[in-house]
Amino acid sequence: MTDQTVLVCGAGAMGQQIAMLAALGGYETRLYDVAEPQLDDALHNLRELMARRVDKGRNSAEEVAAAFDRLTVTTDLEVAASGVDAVIEAIVERLDVKRELFAQLSEYAPATAVLATNSSSIVSSKLADVVSHPERLCNLHFFNPPLVLKLVELVQGPHTADETIERFTAIAERMQRVVVKLDKEIFGFVVNRVLRAIFDESIYLYESGIASVEDIDTAVTQGLNHPIGPFALLDLTGIDVNYHIKQLEAEDLGDPAAGPSKTLTELYEAGHLGRKSGRGFYDYGSK
Ligand SMILES: NC(=O)c1ccc[n+]([C@@H]2O[C@H](COP(=O)([O-])OP(=O)(O)OC[C@H]3O[C@@H](n4cnc5c(N)ncnc54)[C@H](O)[C@@H]3O)[C@@H](O)[C@H]2O)c1
């Protein structure tokens, strides 16, 4: 028996597009959020986004119309979870809030439903003790924006059954995602760890006076063929976001030395948060 019904929890930047992918993949899709206006916004955003994708020929008008017919939204978790086959959680990145949601899902969703979190930093082990039958729980990590970036990282925790991984692999593939499987949990998974290594080394070279921000970015774009240099990317994703990720990494490792570097801390404390504030490693002029 294959899974038919997918519940996505959280209708923010990630959840709304993950729900769209599920609906496009042919699943009866429910999108749940605590905030009613967020659900209205999500539907509005998706209608606009999908109309643009139809105009550009990325999706057909028919498949998009059929997908919207399969998509329903609700603020009632009990209704949302009843009879579902799979749940993908994409709510706010707070462990206490996620733990509460997963405890409720254990109560409202069928015991046979598989459960995944889209968290960027919380491995599913940290949720396993509040979930009944934790063998059905894992991480399924999408990239932003989910409709554009095809990769998902599927992470098997020590509690996760092989069958759960097989079912989420099938779901992700029906959502036309490219699945990378992690056989063990690790902070940051694969993509963000590799990215962090590049960021850390680039900041080390800059802070050691080896080369300028501009020259390191040029070296990486021209020498490695990356579409964007590490400092331009730090500014684009946000100095604050990267500062907080380094703090989490230091906590996870129990090593304060792994925390934010001197330059990152100075920029963060000065409110130079990158493109969004008009200045980070680069100056973008007044915003
Ligand atoms: N934004 C990214 O680039 C990105 C990338 C990969 C993974 N993630 C992960 O995805 C998750 C969501 O991130 P986002 O950027 O979409 O956040 P967001 O702030 O855009 O959306 C979060 C949504 O969750 C809702 N929410 C909060 N508490 C809730 C609850 N108890 N029940 C139901 N809904 C609730 C909020 O109303 C909001 O709509 C996080 O775990 C994050 O780590 C984010």
Side-chain angles (χ1 to χ4, degrees), residues 7-22 30-46 49 72-81 84 87-109 115-127 130-131 137-155 168 172 175 177-180 182 185 187-196 233-234 236-242 244-245 247-249 252 273-276:
L7 163 63
V8 178
C9 297
M14 299 299 291
Q16 50 186 256
Q17 291 198 17
I18 295 171
M20 195 72 230
L21 284 172
R30 302 170 191 171
L31 179 58
Y32 159 76
D33 201 287
V34 278
E36 181 100 50
Q38 188 68 39
L39 291 169
D40 296 341
D41 279 359
L43 282 180
H44 177 79
N45 293 344
L46 287 174
L49 183 62
T72 53
V73 301
T74 180
T75 54
D76 185 332
L77 185 60
E78 192 168 351
V79 170
V84 291
V87 180
I88 302 171
E89 171 274 315
I91 68 166
V92 61
E93 185 70 346
R94 274 185 43 197
L95 181 59
D96 55 338
V97 185
K98 287 192 194 285
R99 284 175 64 83
E100 196 183 329
L101 178 73
F102 274 93
Q104 288 174 320
L105 285 169
S106 286
E107 197 179 325
Y108 297 141
L115 312 174
T117 174
N118 176 51
S119 172
S120 300
S121 66
I122 298 169
V123 289
S124 73
S125 290
K126 295 192 174 167
L127 307 164
V130 299
V131 169
L137 174 69
C138 66
N139 288 78
L140 182 64
H141 183 229
F142 290 76
F143 289 79
N144 193 8
L147 274 161
V148 178
L149 294 180
K150 283 193 164 284
L151 185 70
V152 291
E153 292 173 315
L154 180 57
V155 187
F168 272 116
M175 293 164 90
R177 299 304 90 184
V178 174
V179 181
V180 165
L182 278 70
E185 293 181 338
F187 180 83
F189 312 134
V190 171
V191 170
N192 285 334
R193 288 186 75 89
V194 171
L195 184 59
R196 205 123 304 280
L233 188 54
L234 280 160
L236 187 67
T237 50
I239 297 298
D240 50 339
V241 172
N242 290 288
H244 292 307
I245 292 172
Q247 281 187 320
L248 283 174
E249 194 181 323
D252 185 71
L273 304 184
R275 276 182 182 267
K276 63 180 144 190

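First listed ligand is number 1; within each ligand, the first listed atom is number 1. Computed from a prediction, not measured in an experiment: that's the story for all the values here.
For the pair Leu127 and Leu95, the minimum side-chain heavy-atom distance is below 4.5 Å. Residues Val152 and Phe168 form no side-chain contact, since every pair of their non-hydrogen atoms from C-beta on lies 4.5 Å or further apart.
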Problem - Residue pair Ser119, Glu93: steps toward the side chain to side chain donor-acceptor pair (under 3.5 Å) verdict - result: CA-CA 7 Å; Ser119 172; Glu93 185 70 346; 2.8 Å; yes
Exercise for the section: Just do the side chain to side chain donor-acceptor pair (under 3.5 Å) check on Asn242 and Thr237 with the steps written out, would you? Expected result: CA-CA 7 Å; Asn242 290 288; Thr237 50; 2.9 Å; yes
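Within the structure, the closest approach of Arg94 to ligand 1 does not fall below 4.0 Å when heavy atoms are considered. Heavy atoms of Phe143 stay at 4.0 angstrom or farther from ligand 1. At least one heavy atom of Ala90 sits closer than 4.0 Å to an atom of ligand 1.
Within the 4.0 Å cut-off (strictly below), a protein heavy atom is located near atom 32 (N) of ligand 1. Protein heavy atoms are absent from the space less than 4.0 angstrom from atom 19 (O) of ligand 1.
Ranking protein heavy atoms by distance to atom 27 (C) of ligand 1, first place goes to Val92 CG1, 3.7 Å. Among all non-hydrogen protein atoms, the one lying nearest atom 17 (O) of ligand 1 is Ala13 N, 4.6 Å. In this structure, atom 7 (C) of ligand 1 lies nearest to the protein heavy atom Ser120 OG, 3.0 Å. At the top of the distance list for atom 34 (N) of ligand 1, counting protein heavy atoms only, stands Ile91 CG2, 3.4 Å. The protein heavy atom nearest to atom 29 (C) of ligand 1 is Val34 CG2, 3.6 Å. Protein heavy atom at the shortest distance from atom 1 (N) of ligand 1 is Asn144 ND2, 3.7 Å. When hydrogens are left out, the protein atom nearest atom 21 (O) of ligand 1 is Gly12 CA, 3.2 Å; that is the closest non-hydrogen contact. Of the protein's non-hydrogen atoms, the one nearest atom 43 (O) of ligand 1 is Glu93 OE1, 2.9 Å.
Closest heavy-atom approach to atom 6 (C) of ligand 1 among the candidates Phe142, Tyr32, Phe189: Phe142. Between atom 38 (C) of ligand 1 and the options Ile88, Asp33, Val8, the minimum heavy-atom separation is to Asp33. The residue among Asn118, Val241, Leu149 with a heavy atom at the shortest distance from atom 10 (O) of ligand 1 is Asn118.
Counting only N and O atoms by type, the side chains of Gln16 and Asn45 include a donor and acceptor under 3.5 Å apart.
In terms of modelled atom types and a separation under 3.5 Å, the side chain of Asn139 and the main chain of Ile122 share a donor-acceptor contact.
Interface atoms of ligand 1 facing Lys98, defined by a heavy-atom separation under 4.0 Å, are 40 (C), 41 (O).
Residues Ala42 and Ala11 share a closest heavy-atom pair of CB-O, 3.8 Å.
At a heavy-atom distance under 4.0 Å, only side-chain atoms of His141, from C-beta outward, approach ligand 1. Under 4.0 Å from ligand 1, heavy atoms of Met14 appear from its side chain as well as its backbone. Neither the backbone nor the side chain of Ile122 has a heavy atom within less than 4.0 Å of ligand 1.
Here Val73 pairs with Leu31, Leu39, Leu43 under the side-chain contact (heavy atoms from CB on, under 4.5 Å) rule; sequence neighbours left out.
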